[in-house]
Structure formats: structure tokens, C-alpha cells
Amino acid sequence: MKNTSMINAEKIWLSSPHMSGQEMKYIDEAFKNNHVFPLGPNVSSLEQDIMRYTGSKACTCLMSGTSAIHLALILLNVGAGDEVFCSSFTFSASANPIVYQGATPVFIDSEPSTWNMSPVLLEKALLNRKLAGKKPKAIILVHLYGMPARLDEIMEIAHRYEVPVIEDAAESLGSCFNGQATGTFGEMGIYSFNGNKIITTSGGGALISPHAEYCQKALFLATQARDAAPHYQHSHIGYNYRMSNICAGIGRGQMEVLEQRVAKRRENYAFYRESLAGIEGIDFHTAPDERFFSNHWLTAITINPEITAGVDNLTIYHALNEFNIETRPLWKPMHLQPVFEKYPAFIDGTSDKLFATGLCLPSSSNISDAERLRVANAIKQIIHRS
Ligand SMILES: *Cc1c(COP(=O)(O)O)cnc(C)c1O
């Protein structure tokens, strides 16, 4: 029997934008000064804010996380015929820029605790390529749902094989490994400020690096690669990838509350864990030990239908949808995507299984206590009625 009051209840979103109230101040300032263009004081200030927060040495704000990955690959001279290793369990934007460059993605599966790149499979793939006389140009390492990957092991292997790491920290701004911000371990790191991320500029991204030259060069390429001359002179192919000064104004207001946003997302995770603790067959995406500090951008669970009397992730997805609650299965791994399945992959079934059983729960930082409770109660009801 359907509970109509629940169906008519207001929509609960998976991850919605959450303004601090300070954004308009920076946008007004930009309008008053006619700074309605890319490259302006809000952009420079946002870059300073990001550097201060993450401890990174250099930062260039761009129009998306995807453009940041693209520029990172260009800066590492990735081109036709090259291979780039990439986490298979991710959003397609991690891998698309490899193909923009005419290079070949090689997908590496996850390990079951962090759900991120398996150090064992990474080493296996590197050894395999080494024996074939081939070395990947880069490794794109993703920190999914905010959970840091096994950075100690991955970075050690990458150093040993001398392959640069680009950290796709699009989902993990505010996450740390051993007290150090994700995104700051590799040659370069990227963040995303898309509307669904932990903070947003409505659309935007950033490239960070311990090497200032990378960020300077990214700025040059992102602004049409103009050589120093009074006329328009070009000796490189350029891009129009710079963040606008208006979007950066939103970002400045958002950075002021990033710490609170991380705390709230983590609290959402703790709430769901506690409320669903009694339900057999539900497992949470869990930090392996205290070195892993996740922002828990999205609270992700897996459901074992053998224990829940046949209720699986999609049953819950559809049933919650009836209750006007938005959830989402976990990312479909890249090696299973029609557009990527032809590429090489080192796979052991871990992400296949996660995709088959996982679900992301509503995790917005502006979700109310009542809404969270509605989600938890609905899940209990769906599992218990079976
Ligand atoms: C969102 C996201 C991106 C892309 O960021 P955009 O700013 O949307 O271009 C890349 N990788 C991952 C893992 C993401 O979640």
C-alpha cells in the first residue's frame, strides 16, 4: 500500500547546491567595478583561498574539473599513441580528456575497502607495460565519494615506476590522507565546483600543483595561449577554459563555509550509519583506518540481496523514487561503458560488484533532520515489507 503523504512530500535531492549567503557580496563587488569577465580579483582571491585551505603551492581556477584534467594531461605532454592509466570506478569526466588528447585510457580496478584504485592491480599493470617496453604518461587517481585512495601505496608505486600522478579530487575537496589534503600528493590535482559537488561555483574547477610552473602554464593555455606581443601572436594551441570572475565570486562565498559543509556531510554519513545499523545486509563505504579522512560528499552503501530477502539497490532506488527521494546507483565503471569497453583494463571484479550492489543516499549539506529521518525510515520500511 502506498503512503500518499510520503509521495506528496517535498523532493529530497541527492546533492543540491547550498549557498552561504556571502556569495552575492562578491558578485555585487564584481558588478560595481565592471569586473564581468574572466581573470579578475574574485578569481585571484578564490585561488588564494583554495591554496590556503588545501596547502597547495599553486592554483589556477578553470571553468570545470574536466578542463582541469584536460590541461593536466596537456602539461604532461600526453598525445596520440600514449597510454594513461585511470581509475575505472569513476565518473566519465575522469577519462574523457585522455581521449580528447588522442591517447589510450587503461582502466585499473578498485580495491574493496576504499573503493579506489587497487595498488596491486596498478603495479600489475605497470609491470605488464614495462615488460612490453611501454610506460604510461600519467596515472589519473580518483578519490571517489570523498574517500581518499590508498595514497601511501599508490604514490610509492608511481614513484618507483616514475609515472606522474594526476589526482582527480573532484569529489574530495576537504578530504585528507594522513592530515594532508587530497589533490596535493600528485604532480597535479584537480577540484570540481559543479552544482552537485561539496561546494559550487555553479560550474567550475581548479588545477593545483606543488610546481608553480604547471599552474602558470595552465593559465596561459586556458586563456587562448597568447604570446607576449601587442598583437595576437600564438605559438601554441590555446583553450578558453578560464573561470569567470562572477563564478569565482560564488566560490569565495562558498570557501568561507567549506569547513561547515564537510562537517555536515560527515554528520549525514554518521546519521545514516546509526539509523540503519540494525539492518542486516547494508554496508557503508568506510574509511579503512584513521589516516583516511573522507568529506563523505555522498554517503554510499551496498546492499546484499541475499540477506535482505531479495531487496537490492535498484529496488530501493525505485521505491525511494516513489517517496520523492532521489538516490543514485554507484558510478558505472568505465570498463563497462559502451564508449570505453574497447580499451585495455586490469580488472578483478571489485568495481563490477560495487556497481551491482551500491547506492548513494541523499547527502546535501542543506538536508534537514526531518528529511534525513524520512530517508532512513523509508529504507527500513522498504526492507522490512519484503
Ligand atoms: C564531477 C567530477 C568530474 C568533473 O568535474 P566537472 O567540474 O563537472 O567538469 C571529474 N571527476 C569526477 C570523479 C567527478 O565527480
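Ligands are counted one by one from 1 in listed order, and the atoms in each one are counted from 1 as well.
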Exercise. Pick one: which of Glu162, Arg129, Glu83 meets side chain to side chain contact (heavy atoms under 4.5 Å, CB included) with Lys135?
Worked result: Glu162
Exercise. Applying a strict 4.0 Å limit to heavy atoms, is Gly205 in contact with ligand 1?
Worked result: no
Exercise. Gly203: heavy atom below 4.0 Å from ligand 1, yes or no?
Worked result: no
Tell me: protein heavy atom nearest [atom], and distance?
atom: atom 1 (C) of ligand 1; answer: Lys197 NZ, 1.6 Å
atom: atom 9 (O) of ligand 1; answer: Thr66 OG1, 2.5 Å
atom: atom 8 (O) of ligand 1; answer: Asn194 ND2, 3.5 Å
atom: atom 15 (O) of ligand 1; answer: Glu171 OE2, 2.5 Å

Can you check which of [options] brings a heavy atom nearest to [atom]?
atom: atom 7 (O) of ligand 1; options: Ser87, Ala206, Ser192; result: Ser192
atom: atom 12 (C) of ligand 1; options: Asp168, Ile190, Leu298; result: Asp168
atom: atom 4 (C) of ligand 1; options: Ala93, Ala95, Pro97; result: Ala93

Exercise. Between Thr350 and Asp348, is any side-chain donor less than 3.5 angstrom from a side-chain acceptor?
Worked result: yes
Exercise. Do the charged groups of Arg150 and Glu111 touch, with an N to O distance under 4.0 Å?
Worked result: yes
Problem set entry | Pi-cation contact, Tyr232 with Arg226 (under 6.0 Å, within 45°) | yes
For this session: Taking the six-membered ring for Trp and the full ring for Phe, Tyr or His, determine whether the centres of Phe292 and Phe177 are under 6.0 Å apart.
Result: yes
